[in-house]
Amino acid sequence: MNLHLNQRLPLCVALCLAAFTTSYAQDATDTQSEWTKLFNGEDLTGWHGQPHFDPYKLAELSEEERASKIEEWTADAKSHWSVENGELVNDGHGAYLTTDETYSDYELKLEYRTVAKADSGIYLKGTPQVQIWDTTDEGKFNLGANLGSGALWNNSPGAAGKDPLVLADKPFGEWNTVHVIQVGSRTSVWLNGKQTVDHAIMENYWRRGEPLPASGPIQLQTHGGEIRWRNLAVRPLGTEEANTFLAESHNDGFVSVFDGKTLDGWIGAVDDYEVTEAGTIQCQKGRGGNLLTEKEYSDFSVRLMFRLPARGNNGLAIRAPKQGNPAYAAMTELQVLDNDHPAYAKLDERQYHGSAYGMAAAKRGYLRPVGEWNFQQVTVIGPTIRVELNGNVILDTDVSKIDDYMADSAHPGKTRTSGHFGFAGHSDPVEFKAISIREEK
């Protein structure tokens with residue numbers, strides 16, 4: 001069958017720009033979405049060519065330069081990709097096939113079959129990669145080929161997901177099945193029904209200090225040997241499904257601190273918060289103050305969900321005393337904020353969502369749209385704080401090393417080694433639910 005690459009280059013350019021967005025574009029539907037075929041078995045509608053090229057640099061090019069690049073790459077792909085018997089075939093060379101569409105939180109399934117000495121992979125959100133290679137090639141045993149395919153090979157040495165949990169490859173000539181679930185940067189992979197990556201953070205190859213982009217394309221890598229693909233399909237995950245995937249993964253040891261009915265176990269501004277009919281804690285509009293757990297914590301992790309109204313503002317009190325402003329008297333106040341509201345356009349970078357207020361700025365662009373539930377986990381060990389929002393690590397800092405403060409305002413509470421956890425309300429009806437804490441030993 002002859003190959004027909006999609007010729008809609010202006011659309012490809014626009015989608016390449018969207019591929020590495022800094023805003024969260026997530027399907028808000030809470031019901032399960034349908035599977036969509038990525039390959040129709042006949043031609044390459046929905047795909048364009050793009051090699052191993054830094055997408056951030058691509059986005060910085062002018063529109064004309066980007067169009068020229070994509071046209072060049074797509075022409076190259078035409079000479080190396082073909083369709084045979086409903087299978088997508090690559091000869092081991094040329095530009096990678098790249099989806100026109102981009103994806104945020106999703107489930108991916110596909111099958112591949114390759115040959116001896118081949119080395120390939122699947123780029124997720126335009127980032128390398130779920131590794132595919134010849135596990136019998138002794139020349140690559142020093143790189144980990146003997147451990148098997150299906151892992152996040154470009155993760156740092158020793159990091160979760162770098163090596164597969166099991167060797168699950170089938171012999172040459174047989175089809176391998178791949179199943180991926182990715183929420184934010186959290187990635188799980190199954191190869192031939194065996195889990196090879198368990199809820200690992202996929203590192204951003206292009207910018208190691210940042211999470212994966214909020215959205216990006218899927219790419220099929222070509223790298224030195226024939227590979228065939230079939231039955232490629234994707235299913236976007238709605239907000240509730242994505243949050244459930246995060247909340248139910250590795251949740252051993254977490255203990256609920258909110259019964260969904262009362263504020264039993266909480267102290268402080270209990271009259272300024274309410275438990276809604278939906279079983280959430282909500283700061284009453286026009287009210288505020290600090291709602292704190294009765295119990296104090298030293299090293300701990302907290303998991304919760306929160307929902308912001310437009311212009312919403314609240315905070316997470318970390319190792320807070322019973323009295324005082326958590327932003328200064330506690331170890332820190334972690335901002336809970338509607339980052340995109342015009343009222344907050346000119347804040348200090350250390351005032352946006354997830355930031356250690358006035359001390360350390362969190363990465364932006366990973367909040368779900370206003371009115372949707374977000375999942376967040378905060379881990380506090382000694383002087384370090386790690387904030388993970390919707391599967392993306394947006395802050396990882398050691399407050400003991402910070403000596404540059406917003407407005408030169410000191411934070412005497414940052415050295416606290418224990419205290420209460422809670423919410424620092426600022427007159428807005430921000431909601432919280434599914435609050436659980438694990439004490440870290």
Side-chain angles (χ1 to χ4, degrees), residues 209 211 257 266-269 273 281 283 288-306 308 312-339 344 347-364 366-367 374-390 392-426 428 430 432 435-440:
V257 293
W266 296 80
I267 59 174
Y273 287 76
I281 292 179
C283 182
N290 305 327
L291 181 68
L292 305 172
T293 57
E294 285 183 350
K295 186 173 180 177
E296 294 192 34
Y297 298 91
S298 180
D299 292 348
F300 69 98
S301 294
V302 58
R303 286 183 167 184
L304 54 82
M305 296 187 197
F306 66 91
L308 286 161
N313 182 9
N314 203 289
L316 304 184
I318 305 298
R319 291 182 185 162
K322 290 182 179 179
Q323 304 295 329
N325 183 347
Y328 303 97
M331 179 186 184
T332 192
E333 176 187 341
L334 296 173
Q335 282 285 74
V336 176
L337 192 75
D338 174 11
N339 282 349
Y344 304 133
L347 297 181
D348 185 286
E349 289 298 310
R350 294 162 289 187
Q351 290 179 287
Y352 287 104
H353 181 85
S355 297
Y357 187 87
M359 291 193 289
K363 301 296 182 183
R364 297 168 62 184
Y366 297 94
L367 280 166
N374 296 265
F375 176 87
Q376 184 158 300
Q377 177 167 329
V378 177
T379 300
V380 183
I381 306 291
T384 66
I385 302 174
R386 177 182 166 105
V387 179
E388 183 179 325
L389 173 65
N390 298 322
N392 303 283
V393 177
I394 61 171
L395 180 72
D396 195 349
T397 191
D398 183 337
V399 297
S400 69
K401 297 180 179 180
I402 297 173
D403 56 13
D404 179 19
Y405 307 111
M406 184 181 70
D408 293 325
S409 297
H411 289 249
K414 76 173 188 177
T415 58
R416 290 180 60 92
T417 57
S418 66
H420 305 274
F421 169 78
F423 309 117
H426 301 291
D428 299 318
V430 179
F432 302 91
I435 309 157
S436 61
I437 294 177
R438 179 178 67 197
E439 295 187 72
E440 304 290 354

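What's counted below: heavy atoms across the whole structure, side chains too, no hydrogens, waters or symmetry copies.
Heavy atoms only, all atoms of each residue included: Asp396 and Arg386 are closest at OD2-NH1, 3.7 Å. Across all their heavy atoms, Ala360 and Thr397 have their closest contact at CB-OG1, 3.9 Å. Here the shortest heavy-atom pairing between Tyr344 and Asp338 reads CD1-O, 3.2 Å. Here the closest non-hydrogen pair linking Ala330 and Ala320 is CB-CA, 3.5 Å. Residue Leu292 comes nearest to Ala317 through the heavy atom pair CD2-CB, 4.1 Å, listed as atom of the first residue, atom of the second, then distance. Shortest non-hydrogen contact noted between Gly354 and Leu334 is O-CD2, 3.8 Å.
Proximity of a side-chain donor or acceptor of Asn290 to a complementary backbone N or O of Gly324 within less than 3.5 Å is detected. No donor-acceptor pair closer than 3.5 Å links the side chain of His420 to the backbone N or O of Pro321. Checked by atom type and distance alone, the side chain of Asn390 pairs as donor or acceptor with a backbone atom of Tyr366 at under 3.5 Å. Looking at Ser298, its side chain does come within 3.5 Å of a backbone N or O of Thr417 through a donor-acceptor pair. Side-chain atoms of Trp266 come within 3.5 Å of backbone atoms of Val257 as a donor-acceptor pair (strictly under, hydrogens ignored). Side-chain atoms of Ser355 come within 3.5 Å of backbone atoms of Ala362 as a donor-acceptor pair (strictly under, hydrogens ignored).
For the pair Val393/Lys363, no side-chain contact is recorded, criterion being any heavy-atom separation below 4.5 Å from C-beta on. Contact of the Val399 side chain with the Met331 side chain is registered, since non-hydrogen atoms from C-beta on lie closer than 4.5 Å. Contact of the Phe423 side chain with the Ile435 side chain is registered, since non-hydrogen atoms from C-beta on lie closer than 4.5 Å. Contact of the Met406 side chain with the Gln351 side chain is registered, since non-hydrogen atoms from C-beta on lie closer than 4.5 Å. Looking at heavy atoms from C-beta onward, Val430 lies out of side-chain contact with Tyr273 at the 4.5 angstrom threshold. In this structure, the side chains of Lys414 and Met359 come closer than 4.5 Å at one or more pairs of heavy atoms. Between Val387 and Leu316, the closest side-chain pair of non-hydrogen atoms is not below 4.5 Å. In this structure the side chain of Phe375 never reaches within 4.5 angstrom of the side chain of Leu304, judged on heavy atoms.
Each of Thr379, Val378, Asp398 was checked for a side chain to side chain contact (heavy atoms under 4.5 Å, CB included) with Ile385, and the lone residue meeting it is Val378.
Note on Glu349 versus Arg364: salt bridge recorded, some NZ/NE/NH1/NH2 to OD/OE distance being below 4.0 Å. One finds no salt bridge joining Lys322 and Glu294 here, because no Lys/Arg side-chain nitrogen approaches an Asp/Glu carboxylate oxygen to under 4.0 Å. In summary, Asp299 and Arg319 engage in a salt bridge, as defined by a charged side-chain N under 4.0 Å from a carboxylate O.
In the model, His353 has a side-chain atom that pairs as donor or acceptor with a side-chain atom of Gln376 under 3.5 Å. For the residue pair Glu440 and Ser301, a side-chain donor N or O sits within less than 3.5 Å of a side-chain acceptor on the partner. For the 3.5 Å distance criterion, the side chains of Asn313 and Asp428 fail to qualify, holding no donor opposite an acceptor.
Relative ring orientation between Tyr328 and Tyr357 is described as perpendicular, the plane-to-plane angle rising above 60° on a 0-90° scale split at 30° and 60°. Ring planes of Phe300 and Tyr297: tilted class, angle from 30 to 60°.
To the nearest 0.5 angstrom, Leu337 atom CG is 7.5 Å from Leu308 atom CG. In this structure, CD1 in Ile394 is found 4.5 Å from CG in Leu389, a value given to the nearest 0.5 Å. Between Ile437 atom CD1 and Lys295 atom NZ the span is 8.5 Å, to the nearest 0.5 Å. Atom CG in Leu291 sits 9.0 Å away from atom CD1 in Ile267 (nearest 0.5 Å). For the atom pair CZ (Phe421) and CD1 (Ile318), the distance works out to 5.5 Å, reported to the nearest 0.5 Å.
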Handout entry: Full working for side chain to side chain contact (heavy atoms under 4.5 Å, CB included) between Glu333 and Asn325
Key = CA-CA 9 Å; Glu333 176 187 341; Asn325 183 347; 4.1 Å; yes
